[in-house]
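What follows is one structure encoded as C-alpha cells, with my remarks underneath.
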Amino acid sequence: MEGIEHKTIKVNGINMHVAEKGQGPVILFLHGFPELWYCWRHQMHALASLGYRAVAPDLRGFGDTDAPAEASSYTCLHVVGDLIALLDAVAADQEKVFVVGHDWGAVIAWHLCLFRPDRVKALVNLSVAFTPRNPQYKPVPALKAVYGGDYYMCRFQEEGDIEDELASLGCDRVMKEFLSNRNPGPLMLPKGKGFGNASPDAPVTLPSWLSEDDIHYYASNFEKKGFTGALNYFRNLDRNWELTAPWTGAKILVPVKFIVGDQDLVYNSMGAKDYIHKGGFKKYVPLLEEVVVMEGVAHFINEERPEEINQHIYDFFKKFD
C-alpha cells in the first residue's frame with residue numbers, strides 16, 4: 001500500500017507489527033475479528049492526507065504480531081497493556097491520542113478508555129457500543145442461554161474444535177463468508193455445517209467494496225498463523241468479566257462518537273437498539289456526543305463506506321486539535 005510504512009515494535013513482552021502513515025497528531029486504529037491493520041487502509045490514506053499520523057497495529061495474535069500460546073494471555077488487560085507500550089514508543093511526545101476502533105477493536109478501545117482515560121483525547125467507535133459489566137451474568141453462559149450453543153461466540157469457546165472446522169473450509173472461504181455476511185440476525189455456526197450454507201462449495205459473491213486481492217491478503221495472513229490467537233479474544237469473555245470487577249459501574253470519561261450500520265448484526269442483537277437510543281448508552285458514556293446510524297450498511301462499516309467514515313472521523317477529531 002503506497003506510502004504506508006511497516007515496522008515491528010517490542011511492546012509488553014511481544015513483537016507487534018505496526019503500519020503507519022503521515023505526520024501530526026496520532027490516530028490509533030484498532031481492528032476487529034477476523035481482520036488486520038489492513039482493514040484501515042482507506043482511513044490511513046485519508047487521515048494522513050489531512051494532517052494526522054495514522055497508526056494501525058496488528059493486535060496480539062493477529063497478522064505479523066506475536067501470538068502467545070496460552071489463551072489466558074489475551075485478556076483485555078494484556079491487550080490494553082500492549083497499546084500503552086505502543087503509545088509510549090510511537091507517541092512519546094503526545095500526552096493523549098485519538099482512537100478509532102471497530103468490532104473487537106472497539107471493545108479494546110472501550111477498555112483502553114476505561115483503564116487509561118488519561119491517554120485518550122477522543123474516541124470514534126464503530127459497531128460495538130460500550131456494555132457495562134453486569135455482576136449478575138457471566139457472559140458466555142448468558143449468551144448460550146439466549147442464543148444456544150451454535151451461536152458463534154459459544155462455538156468459539158471450543159479450543160481446537162472450531163479451528164479444525166475453519167481449517168477444513170480453508171482461509172479463503174472463511175474470510176469470504178465472514179466479510180460478505182449481511183444477515184443482521186445472530187451468526188450461527190452449527191457443528192460440522194460450516195456457515196450453514198445449503199452447499200459448502202457454492203461460490204460466495206463478494207460485495208463491491210471487497211476484492212479478491214483483499215481476500216487474499218487476509219487469507220494469506222491467517223494461513224500463516226491460524227485462527228487460534230484471534231479466537232482467544234472470545235475465549236476470554238468470562239475471564240475479562242472476572243478481571244474487570246473493580247470497574248463495575250464505571251463510566252467512559254472521554255469524548256465519543258459512535259457509528260453503526262442499521263444492518264449490523266451487533267446493532268440488531270437483543271436489546272442493543274433500546275440501550276443505544278433510550279438513554280442506557282449515554283448513562284455510561286456521558287461524553288457521548290453523537291450516534292450515527294448508517295442506512296443499508298452492515299458490520300464491516302469502515303470498509304463498506306470508507307469515504308463517509310473518513311469524513312465522520314475527521315469532523316469529530318478536528319474539534320479537539
Side-chain angles (χ1 to χ4, degrees), residues 32-35 61-62 67 69-76 79 102-108 110-111 127-171 173-202 204 222 225-245 260 263-275 298-300:
F33 174 92
E35 295 187 288
F62 289 84
E70 296 295 321
S72 58
S73 296
Y74 292 79
T75 71
C76 55
V79 184
H102 172 254
D103 186 80
W104 260 105
V107 176
I108 297 303
W110 293 125
H111 281 119
S127 182
V128 182
F130 176 69
T131 304
R133 182 183 183 275
N134 187 332
Q136 305 301 319
Y137 295 104
K138 213 169 190 176
V140 174
L143 289 168
K144 198 167 188 176
V146 172
Y147 296 112
D150 286 345
Y151 185 56
Y152 78 106
M153 290 194 196
C154 299
R155 287 296 319 281
F156 286 175
Q157 306 303 313
E158 304 166 14
E159 288 192 51
D161 234 26
I162 192 69
E163 281 93 336
D164 290 344
E165 283 196 37
L166 295 178
S168 71
L169 291 168
C171 288
R173 178 78 186 202
V174 169
M175 296 310 304
K176 286 180 177 179
E177 292 277 10
F178 275 123
L179 295 177
S180 63
N181 178 39
R182 299 188 68 80
N183 181 357
L187 177 59
M188 300 296 181
L189 299 175
K191 199 160 190 170
K193 296 183 180 179
F195 286 79
N197 298 324
S199 169
D201 299 320
V204 178
F222 281 102
K225 195 162 244 132
F227 286 97
T228 298
L231 293 169
N232 282 339
Y233 285 72
F234 296 91
R235 291 166 183 160
N236 281 280
L237 287 168
D238 285 349
R239 190 176 283 113
N240 287 340
W241 177 82
E242 293 170 0
L243 291 171
T244 54
V260 67
Q263 299 302 304
D264 193 318
L265 76 173
V266 183
Y267 184 61
N268 287 279
S269 61
M270 188 176 291
K273 292 178 185 177
D274 281 352
Y275 170 72
H299 184 65
F300 297 97

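Scanning both residues, G149 and C154, for their nearest heavy atoms gives O-CB, 3.7 Å. The minimum heavy-atom distance linking C76 with H111 is given by the pair CB-ND1, 3.6 Å.
One side chain, D103 or H299, offers a donor N or O that lies under 3.5 Å from an acceptor on the other.
In this structure, W110 contributes its side chain and V128 its backbone to a donor-acceptor pair below 3.5 Å. A donor-acceptor pair under 3.5 Å is absent between the side-chain atoms of R155 and the main chain of M188, judged by distance alone. When atom types are taken as modelled, the side chain of Y275 and the backbone of F130 share a donor-acceptor pair closer than 3.5 angstrom.
Between F178 and F33, the ring centre distance stays below 6.0 Å.
Note that CG of N268 and CD of Q263 are 6.5 Å apart. Values are rounded to the nearest 0.5 Å. Between N236 atom CG and L231 atom CG the span is 11.5 Å, to the nearest 0.5 Å.
By the 4.5 Å heavy-atom criterion applied to side chains, F300 and E35 are counted as neighbours.
Ring-plane geometry between Y151 and Y147 is classed as parallel, the angle between the planes falling under 30 degrees on a 0 to 90 degree scale with a further cut at 60.
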Problem - Working for salt bridge (Lys or Arg N to Asp or Glu O under 4.0 Å), residues E165 and K191 - result: CA-CA 8 Å; E165 283 196 37; K191 199 160 190 170; 5.9 Å; no
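Screening residues 231-240 for salt bridge (Lys or Arg N to Asp or Glu O under 4.0 Å) gives E163-R235 as the qualifying pairs, with residues at least two apart or on separate chains.
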